[in-house]
Amino acid sequence: MQTKSQLRERSLSVIGIGVGNPDYLTVQALAALDKSDVFFIPDKGQEKQDLAKMRETICERFIQGRNYRTVGYKIPPRLNQGDYKTGVQAWHAEIAGIFEHLLLDELGPNEHGAFLVWGDPSLYDSTLRLLQTVSERGKVKLTYDVIPGITAAQALTAAHQTTLNAIGEPVTITTGRALAANPNPANATLVMLDGQTAFQHLPPDTHIYWGAYLGTPDEILIAGKIKDVAEQIQARRAAARAAKGWIMDTYLVRKEDE
């Protein structure tokens with residue numbers, strides 16, 4: 001392993017860009033864009049080219065009068081083999097190797113890099129974990145700042161004109177996988193990453209606020225009791241995914257319509 005004096009130093013920003021609407025960028029995010037020279041853009045396949053294009057559009061819109069460059073990189077598929085967490089950890093190790101290459105070979109020592117993170121870097125995103133792994137590998141000394149972004153939770157509740165929590169009550173943020181294992185949550189529950197529509201197994205009088213493609217021209221919003229809207233959500237979700245090739249949705253459920 002290299003000594004600290006031999007480590008190549010790199011600086012970058014991890015910028016939360018919100019969930020689809022360029023107007024969601026904060027003043028702090030704009031300042032971080034303005035100081036960055038190289039933007040790393042993930043390629044998640046042909047079906048999700050919209051996500052890469054949105055990142056490029058943000059750069060084109062907000063960076064004026066100076067040169068910068070974008071560097072694309074492919075996200076390898078995650079193999080669904082064995083234990084879920086073990087599989088994710090192996091997948092992350094592979095991506096960390098890609099990050100290490102990007103930082104050492106595509107970012108100069110006098111340049112500032114940036115990862116544009118969908119939503120917020122702290123919520124169901126692994127960029128920060130991956131950068132920590134890169135640091136632990138001992139080939140590069142990283143200095144980076146983290147810029148918060150508008151989350152799907154905020155975009156969803158704003159679009160539905162509701163609050164995330166009831167007065168004095170807690171909120172649970174979880175995944176569809178976890179909700180399926182406990183289909184009777186005690187609190188208001190925000191669900192992300194639910195490819196299996198676990199909400200259909202909740203008590204029928206549970207209220208749901210569902211949204212897909214939040215903040216974009218393709219935004220879809222449906223709200224009501226599970227017994228009244230579950231089939232509608234499933235149908236709209238399936239049709240939208242078939243039309244676009246991908247879907248990003250989230251929803252809030254709670255026992256009463258506060």
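The figures here come from the full heavy-atom set of this structure, side chains too, leaving out hydrogens, waters and symmetry mates.
Contact check for Leu33 versus Ile58: side-chain heavy atoms found under the 4.5 Å cut-off. Counting heavy atoms from C-beta outward, Arg10 and Lys141 have side chains that stay 4.5 Å or more apart. The side-chain heavy atoms of Leu102 and Leu107, taken from C-beta on, include no pair separated by under 4.5 Å. For the pair Val171/Asn187, no side-chain contact is recorded, criterion being any heavy-atom separation below 4.5 Å from C-beta on. Using a 4.5 Å heavy-atom threshold, the side chains of Glu111 and Tyr68 count as separate. Counting heavy atoms from C-beta outward, Arg78 and Glu94 have side chains that stay 4.5 Å or more apart. Under the 4.5 Å side-chain criterion, counting only non-hydrogen atoms from C-beta, Leu252 is in contact with Leu156. In this structure the side chain of His112 reaches within 4.5 angstrom of the side chain of Ser13, judged on heavy atoms.
Among all heavy-atom pairs drawn from Leu164 and Arg254, the shortest one is O-NH1, 3.9 Å. For the pair Arg137 and Gly97, the tightest heavy-atom approach, listed with the atom from each and the gap, is NH1-CA, 3.3 Å. Closest approach of Ala155 to Ile150, counting heavy atoms only: N-CG2, 4.3 Å. Across all their heavy atoms, Thr175 and Val191 have their closest contact at C-CG1, 3.8 Å. In plain terms, the two heavy atoms of Ala114 and Ile15 that are nearest each other are CB-CD1, 4.0 Å. The two residues Pro121 and Pro148 make their nearest non-hydrogen contact at CD-CA, 4.4 Å.
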Practice prompt. Check the pair Tyr213, Ile247 against side chain to side chain contact (heavy atoms under 4.5 Å, CB included), reporting the backbone distance first and the verdict last.
Written response: CA-CA 7 Å; Tyr213 311 114; Ile247 191 166; 3.6 Å; yes
Check: Going through the distances and angles, do Leu7 and Glu9 end up as a side chain to side chain contact (heavy atoms under 4.5 Å, CB included)?
Finding: CA-CA 6 Å; Leu7 292 179; Glu9 297 185 7; 5.6 Å; no
- When you look at Thr172 and Leu190, which way does the side chain to side chain contact (heavy atoms under 4.5 Å, CB included) test go after all the steps? CA-CA 6 Å; Thr172 298; Leu190 180 79; over 6 Å; no
### Task
Carefully, step by step, assess Phe199 and Tyr251 under the rule ring pair (Phe, Tyr, Trp, His ring centres under 6.0 Å).
CA-CA 9 Å; Phe199 60 80; Tyr251 55 89; 5.2 Å; yes
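Within the 3.5 Å criterion, the main-chain N or O of Pro185 finds no donor-acceptor partner in the side chain of Thr189. A donor-acceptor distance shorter than 3.5 angstrom exists from the side chain of His160 to the backbone of Trp210, with no hydrogens or angles considered. With hydrogens and angles disregarded, a donor-acceptor distance shorter than 3.5 Å links the side chain of Gln64 to the backbone of Arg61. For the pair Thr206 (side chain) and Leu202 (backbone), a donor-acceptor distance under 3.5 Å is absent. Remark: side-chain polar atoms of Thr151 are paired, donor with acceptor, to backbone N or O of Gln154 under 3.5 angstrom. Although no hydrogens or angles enter the test, the distance criterion places a donor-acceptor pair under 3.5 Å between the side chain of Ser135 and the main chain of Leu131. Looking only at distances, no side-chain donor or acceptor of Asp194 sits under 3.5 Å from a matching main-chain atom of Gly176. Of the possible polar contacts, one joining the Gln200 side chain to the Thr197 backbone as a donor-acceptor pair under 3.5 Å is found. Judged purely by atom type and a 3.5 angstrom limit, Arg236 has no side-chain atom pairing as donor or acceptor with the backbone of Leu221.
Checking Thr163 against Asn165 by side-chain atom types alone, no donor-acceptor pair falls below 3.5 Å. Side-chain contact check for Thr86 and Gln89: no donor-acceptor pair (N or O, by modelled atom type) lies under 3.5 Å. Between the side chains of Thr133 and His92, no donor N or O sits under 3.5 Å from an acceptor N or O. In this structure, a donor-acceptor pair under 3.5 Å is present between the side chains of Gln49 and Asp43. Side-chain contact of Thr216 with Glu219: a donor-acceptor pair under 3.5 Å is absent, judged by distance alone.
Phe40 has its ring centre no less than 6.0 Å from the ring centre of Tyr73.
Using a 4.0 Å cut-off between charged side-chain N and carboxylate O, Asp205 and Lys255 make no salt bridge. With salt bridges taken as basic N to acidic carboxylate O contacts below 4.0 Å, one links Asp145 and Lys35.
Cation-pi check for Arg69 over Phe39 is not met; the charged atom does not lie both under 6.0 angstrom from the ring centroid and within 45 degrees of its normal.
Arg55 meets the side chain to side chain contact (heavy atoms under 4.5 Å, CB included) test with Ile17, Ile41, Pro42, Leu51, Leu116, Trp118; sequence neighbours excluded.
Note on ring orientation: taking the six-membered ring where Trp is involved, the planes of Phe99 and Phe115 are parallel (angle under 30°, cut-offs 30° and 60°).
With Ile222 as reference, Val229 is the one residue of Val229, Ile208, Asp249 to meet the side-chain contact (heavy atoms from CB on, under 4.5 Å) rule.
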